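Structure, as structure tokens:
Since this is a predicted model, take the numbers as computed values, not measurements. Chain identifiers are assigned alphabetically (A, B, ...) following the order of the sequence lines, protein sequences preceding nucleic acid strands; residue numbering begins at 1 within each chain.
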Number of protein chains: 2
Amino acid sequence: MPQDPPFPPVEGRSTRQKRAVWAALASVDGFVSAKTLHHRLEERGDDVALATVYRFLQSQLEAGTVDSLLNPDDGEALYRICAAQTHHHHLVCRECGIATEFKVPEIDRLARTVAVNEGFSETVLTFDVFGICPACQSPSNHVD
Amino acid sequence: MPQDPPFPPVEGRSTRQKRAVWAALASVDGFVSAKTLHHRLEERGDDVALATVYRFLQSQLEAGTVDSLLNPDDGEALYRICAAQTHHHHLVCRECGIATEFKVPEIDRLARTVAVNEGFSETVLTFDVFGICPACQSPSNHVD
DNA sequence: TCGTAAATGAGAATCAGTCGCTATACTAGT
DNA sequence: ACTAGTATAGCGACTGATTCTCATTTACGA
């Protein structure tokens with residue numbers, strides 16, 4: 001048992017479960033669902049309750065160390081580590097979850113302008129792009 | 001809630017239930033959830049199964065006569081009548097559901113460009129803005 | 001080591017959304 | 001108009017994701 005977890009993203013007490021979930025999340029390239037994450041943990045032999053996975057993801061979300069978005073197909077929440085605190089959007093493969101972050105300040109500015117003109121406050125933008133990534137387009141490279 | 005349903009929206013057979021759901025949808029200004037719509041129907045004395053509401057909304061969605069989006073707070077799907085077939089986005093009040101449509105072609109163009117550059121295909125944009133509308137900001141006018 | 005607050009596990013509860021079977025509306029034939 | 005045939009609609013039961021409850025366990029400062 002290493003003395004210090006690789007990255008201590010953990011707020012509050014440091015537990016085996018939190019470290020395990022973080023490690024599993026860190027080992028994935030793209031966005032994953034809580035369920036998928038839970039499966040990976042089982043495969044690794046890490047016993048963590050599904051509820052704990054959800055709780056951890058929720059707290060990290062609030063802490064800003066993970067990002068989440070809703071799969072537009074089924075409304076399922078997807079998560080991934082996302083250190084970049086600054087505002088950005090995602091280009092996400094709906095097959096494998098691989099994601100690219102991008103910023104288009106103009107977009108945000110334009111949207112804010114629209115909102116302000118209408119007198120809206122506390123605005124939140126949801127802006128993500130879903131598609132099929134190059135790897136998933138070629139069956140040979142297809143990753144589930 | 002000005003006028004009657006502008007057109008008979010019902011594709012396929014015209015039934016009491018479809019007409020009722022459409023009328024209920026038409027009587028609402030903003031986006032509503034299937035559940036809310038179902039409540040309204042009950043209040044009116046229209047007995048329609050929740051599943052029927054969902055199915056109707058789904059078919060109208062495909063027909064392009066209603067619009068939907070995911071509430072980022074809880075992932076619930078929201079619907080409203082939306083005749084404008086052309087691509088557009090929404091500025092939605094998260095309190096009362098009131099929504100304004102807007103178009104910013106540049107946004108779509110920029111987003112597509114990002115996707116194409118990364119080699120993504122079959123891209124779908126999700127872009128909506130949530131906030132608190134002027135009416136809901138002043139407690140006196142607050143609509144739940 | 002001890003005490004205490006925080007975290008976890010297990011499963012029940014909740015809630016949006018879907019499915020499979022039955023009932024009904026529409027059509028063609030008479 | 002009446003009836004059978006067929007596709008569609010309707011509805012109750014179900015599913016799957018997420019949250020809640022609470023008894024138990026654990027981390028960690030004193």
- Task: Tell me which nucleotide among dC28(D), dG10(D), dA17(D) gets nearest to the side chain of Ser14(A).
- Result: dC28(D)
- Query: Taking the side chain as C-beta and beyond, is there a heavy-atom pair between Leu41(B) and Val53(B) under 4.5 Å?
  - Reply: yes
- Spacing of Leu70(B) atom CG relative to dA17(D) atom C1', expressed in whole Å: 14 Å
- Task: Just call it for Asp47(A): base, sugar-phosphate, or nothing, with non-hydrogen atoms closer than 4.0 Å on any strand.
- Result: sugar-phosphate
- Quick one: do the Ser27(A) and Arg40(A) side chains pair a donor with an acceptor below 3.5 Å? no
- Message: In whole Å, I'd like the distance from the CD atom of Glu42(B) to the P atom of dC11(D).
- Response: 12 Å
- When rounded to whole Å, the NE2 to C1' distance for the pair His38(B) and dT18(C) reads 15 Å
- Taking only N and O in the side chain of Tyr54(A), is any of them less than 4.0 Å away from OP1 or OP2 of dT18(D)? yes
- Would you check if there is a donor-acceptor pair between the side chains of Asp128(B) and His89(B) at a distance under 3.5 Å? no
- Message: How many whole angstroms separate atom CG of Leu41(B) from atom P of dC11(D)?
- Response: 11 Å
- Nearest-neighbour nucleotide for the Thr52(A) side chain, dA16(C), dA9(D), dT8(C) considered: dT8(C)
- Message: Quick one, Arg109(B) and Glu106(B) - any side-chain contact, counting heavy atoms below 4.5 Å?
- Response: yes
- Task: Check the distance between dA9(D)'s C1' and Gln58(B)'s CD and give it to me in whole angstrom.
- Result: 15 Å
- Message: From C-beta outward on Gln17(B), which listed nucleotide comes closest to its side chain: dT8(C), dG9(C), dG10(D)?
- Response: dG10(D)
- Message: What is the distance, to the nearest angstrom, from the CG atom on Leu50(A) to the C1' atom on dG16(D)?
- Response: 11 Å
- Query: Quick one: is Thr15(B) getting a side-chain N or O under 4.0 Å of the dG10(D) phosphate, OP1 or OP2?
  - Reply: yes
- Task: Please check the phosphate of dG9(C) (OP1 and OP2 only) for any side-chain N or O of Arg16(A) closer than 4.0 Å.
- Result: yes
- Less than 3.5 Å between a donor and an acceptor, one on the side chain of Arg13(A) and one on the base of dG29(D), is that the case here? no
- Query: Could you give the CG-to-P distance, from Asp74(B) to dT14(C), as a whole number of Å?
  - Reply: 17 Å
- Toward the 5' end of DNA chain D, which comes first, Arg55(B) or Gly75(A), by nearest nucleotide? Arg55(B)
- Query: Given the side-chain rings of His90(B) and Phe102(B), with only the six-membered ring counted for Trp, is the space between their centroids under 6.0 Å?
  - Reply: no
- Task: Find the distance Asn71(A):CG to dG16(D):P and express it as a whole number of Å.
- Result: 16 Å
- Query: Choosing from dA16(C), dC11(D), dG10(D), which nucleotide comes nearest the side chain of Glu76(B)?
  - Reply: dA16(C)
- From the candidates dG10(D), dA16(C), dG9(C), the one with an atom nearest any side-chain atom of Lys18(B) is dG10(D)
- Task: Would you indicate which nucleotide in dT18(C), dC15(C), dC28(D) comes nearest to any side-chain atom of Ala51(B)?
- Result: dT18(C)
